[in-house]
Student: 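Below: one structure in structure tokens.
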Amino acid sequence: MKSTVTLVFLLFILSASAGAQNITGIWKGYFVQKSFGYFEDRYRFEIQLEQLSNNALNGVTYSYKTTVFYGKAEMKGIYTKKTNNIVFNETKLVDVKIGDQSQPCLMTCYLEYDKMGSLQTLSGTYTSRNLKDGSDCGSGKVYLEKATESDFYKEDFLVKQDKKNSLANKANKAPVAKSAQKEVIKPKGVKPGAEENLVRKAPEVSEKKLDLPVAPPVPKKEEIVKVAPPDRKITAKPEILKKRSNDVVQTITTSAREIKIDLYDNGEIDGDMISVFHNNEMIVNRKILAHKPISFTIQLNEDDPHHEFVLVAENLGSIPPNTALMVVTAGSKRHELFITSTEQKNAVVVFDYKPED
């Protein structure tokens, strides 16, 4: 009975410590605005968050959508550790760029912290109010993942935390084991201060005890032959890529050997239909963009380092032009690209593989 109680108590401690997370850091993702009850508009969203000693929250938010909208705001909130719930308000707009027909708004977010393996997320809902007259600006959903890099610049509290973590890592480095250090054998009669002139000797080992593997012979230079990689099949450029202009949206250099690509409609689901070509070969044929992604993966390596993806608009939907959100997961890095294509212009995204030094 005593062992059962001890085990239960131990599990309680582990669960309590797992729930009490420090959420200071960079959180990146998006919020989806429900407007007029029948369509959704997606914006990119970043929070730089500082958790204080009393679990109060301080920081800034960034909301942006290509060149249509950009806003930076100060925020304050509270983190309830028992329930992993977060509530924060944007208190002040620091910078904003909007169109003539738009109004600046401040958000209140109701989020829940979750951790699945190495993935940490904040998800929930938000409401918003007009900065000028306090009227309703709409509501929707929020999804964020913890990240290491910002799309902007790090706030001072994050820079200080990075320095503190760097110093802690250096202090925690294990000292060199004494047994791994070379032994200095002092002969008798050596005067103090003359040790640096001594020859460092390894302890003698009997030849009978040695059982070393035989090293293979080193080949001569003329015996080393470099095998050229096989020629990659070159696919002829399809007519649709010849007739329209092909504009490069972005070139991404990565050391990841596998890349996952998800394609969504960027904004209201209005029937945008696309085809996708990979190195001139069609891999997606006339599919409609929606909230459920069109997904595929590619492999990159030294023999096949260059990959071009061309997004072709098969129509313009009910709200031109054809717009897509491309989410690229390359190793631990995530990229979000906003892509526009028309009946005159295709959109090109290039990936170049470069292994780490």
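Just so we're clear, the structure is a prediction, and the values are computed from it rather than from any experiment.
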Student: Between V327 and H335, does the side-chain contact (heavy atoms from CB on, under 4.5 Å) criterion hold? Intermediate values first, please.
Tutor: CA-CA 6 Å; V327 179; H335 308 269; over 6 Å; no
Student: Where the side chain of E74 meets the backbone of T91, is there a donor-acceptor pair that is under 3.5 Å apart?
Tutor: no
Student: In sequence, state the C-alpha distance, the side-chain angles, and the governing distance for I259 and V328, and then conclude on side-chain contact (heavy atoms from CB on, under 4.5 Å).
Tutor: CA-CA 7 Å; I259 289 178; V328 179; 3.6 Å; yes
Student: Can you give me the closest heavy-atom contact between F157 and L49, atom names plus distance?
Tutor: CE1-O, 3.3 Å
Student: Within the side chain of Q48, is there an N or O that forms a donor-acceptor pair under 3.5 Å with the backbone of Y62?
Tutor: no
Student: Mind listing the closest non-hydrogen atom pair of V142 and C109 along with its distance?
Tutor: CG2-SG, 4.3 Å
Student: Would you say the side-chain atoms of S295 pair up with the backbone N or O of D262, donor to acceptor, closer than 3.5 Å?
Tutor: no
Student: Side-chain contact test, heavy atoms from C-beta onward, threshold under 4.5 Å: evaluate it for D114 versus N84 and give yes or no.
Tutor: no
Student: Output the distance between atom OH (Y110) and atom CD1 (I86), rounded to the nearest 0.5 Å.
Tutor: 14.0 Å
Student: Say you draw a straight line from CG of N165 to CD of Q161; how long is it, rounded to the nearest 0.5 Å?
Tutor: 5.0 Å
Student: Please name the pair of heavy atoms, one in D304 and one in H307, separated by the smallest distance, quoted to 0.1 Å.
Tutor: O-NE2, 2.8 Å
Student: Less than 4.5 Å apart, side chain to side chain, heavy atoms only: is that true for L144 and L111?
Tutor: yes
Student: Considering only NZ, NE, NH1 and NH2 on the basic side and carboxylate oxygens on the acidic side, decide whether K354 and D352 come within less than 4.0 Å.
Tutor: no
Student: Would you say the side chain of D162 lies within less than 4.5 Å of the side chain of K154, judging by non-hydrogen atoms?
Tutor: yes
Student: Test your reading of the model: is there a side-chain donor-acceptor pair from N315 to the backbone of G271, 3.5 Å cut-off?
Tutor: yes
Student: Using a cut-off of 6.0 Å, state whether more than 12 heavy atoms not belonging to K333 lie near its atom NZ.
Tutor: no
Student: With no hydrogens and no angle check, is any side-chain donor or acceptor of K146 less than 3.5 Å from a backbone partner on T24?
Tutor: yes
Student: Give the minimum heavy-atom separation between L57 and Q51, together with the two atoms involved.
Tutor: CD2-CA, 4.0 Å
Student: Are the side chains of M107 and T61 in contact, using a 4.5 Å heavy-atom criterion?
Tutor: no
Student: Taking C-beta and beyond as the side chain, do V60 and V94 meet within less than 4.5 Å on heavy atoms?
Tutor: no
Student: Where the side chain of E314 meets the backbone of M273, is there a donor-acceptor pair that is under 3.5 Å apart?
Tutor: no
Student: Should the pair H278 and F309 be assigned to parallel (<30°), tilted (30 to 60°) or perpendicular (>60°) ring geometry?
Tutor: parallel
Student: Are E149 and I26 side-chain neighbours, meaning at least one heavy-atom pair lies under 4.5 Å?
Tutor: no
Student: State plainly whether the residues E336 and R334 are in salt-bridge range, i.e. N to O under 4.0 Å.
Tutor: yes
Student: Is the backbone of T340 close enough, under 3.5 Å, to the side chain of T323 for a donor and an acceptor to pair up by distance?
Tutor: no
Student: Does Y264 have its ring centroid less than 6.0 Å away from the ring centroid of Y30?
Tutor: no
Student: Say you draw a straight line from OG1 of T254 to OH of Y353; how long is it, rounded to the nearest 0.5 Å?
Tutor: 8.5 Å
Student: What is the minimum heavy-atom distance between L289 and A324, and which atoms define it?
Tutor: CD1-CB, 3.6 Å
Student: Can you list the steps and then say if F152 with Y64 is a ring pair (Phe, Tyr, Trp, His ring centres under 6.0 Å)?
Tutor: CA-CA 11 Å; F152 304 91; Y64 49 113; 5.1 Å; yes
Student: Using side-chain hydrogen bond (donor to acceptor under 3.5 Å, both in side chains), reason through Y113 and N85 one step at a time and then give a plain yes or no.
Tutor: CA-CA 6 Å; Y113 170 86; N85 287 331; over 6 Å; no
Student: Do N89 and L106 come close enough that some side-chain heavy atom pair is under 4.5 Å?
Tutor: no
Student: So do the side chains of L263 and V284 get within less than 4.5 Å of each other, counting heavy atoms only?
Tutor: no
Student: Can you tell whether the side chains of E302 and R257 come within less than 4.0 Å, N to carboxylate O?
Tutor: yes
Student: Take atom CG in D156; do more than 12 heavy atoms of anything else shown fall under 6.0 Å from it?
Tutor: no
Student: For residues 240-250, dump all side-chain donor-acceptor pairs below 3.5 Å to protein atoms at least two apart in sequence or in another chain.
Tutor:
from: R244; atom 1: NE; to: E343; atom 2: O; distance (Å): 3.2
from: R244; atom 1: NH1; to: A313; atom 2: O; distance (Å): 3.0
from: R244; atom 1: NH1; to: T342; atom 2: O; distance (Å): 3.2
from: R244; atom 1: NH2; to: A313; atom 2: O; distance (Å): 3.4
from: S245; atom 1: OG; to: Q344; atom 2: O; distance (Å): 3.4
from: N246; atom 1: OD1; to: N346; atom 2: ND2; distance (Å): 3.0
from: N246; atom 1: ND2; to: L241; atom 2: O; distance (Å): 2.7
from: N246; atom 1: ND2; to: R244; atom 2: O; distance (Å): 3.3

Student: Hey, any chance V312 and L316 share a hydrophobic cluster, counting ILVMFWY side chains that come within less than 4.5 Å of each other, even indirectly?
Tutor: no
Student: Can any side-chain N or O of S128 pair as donor or acceptor with the backbone N or O of G138 at less than 3.5 Å?
Tutor: yes
Student: Look up atom CG in D272 and atom CG in L311, then write down how far apart they are to the nearest 0.5 Å.
Tutor: 11.0 Å
Student: Using a strict threshold of under 4.0 Å (side-chain N to carboxylate O), is an ion pair present between K72 and E155?
Tutor: yes
Student: Work out which heavy atom in A256 is nearest to a heavy atom in L300; give both atom names and the distance.
Tutor: O-CB, 4.0 Å
Student: Please check if L337 and Y143 belong to a single hydrophobic cluster, counting links between Ile, Leu, Val, Met, Phe, Trp and Tyr side chain heavy atoms closer than 4.5 Å.
Tutor: no
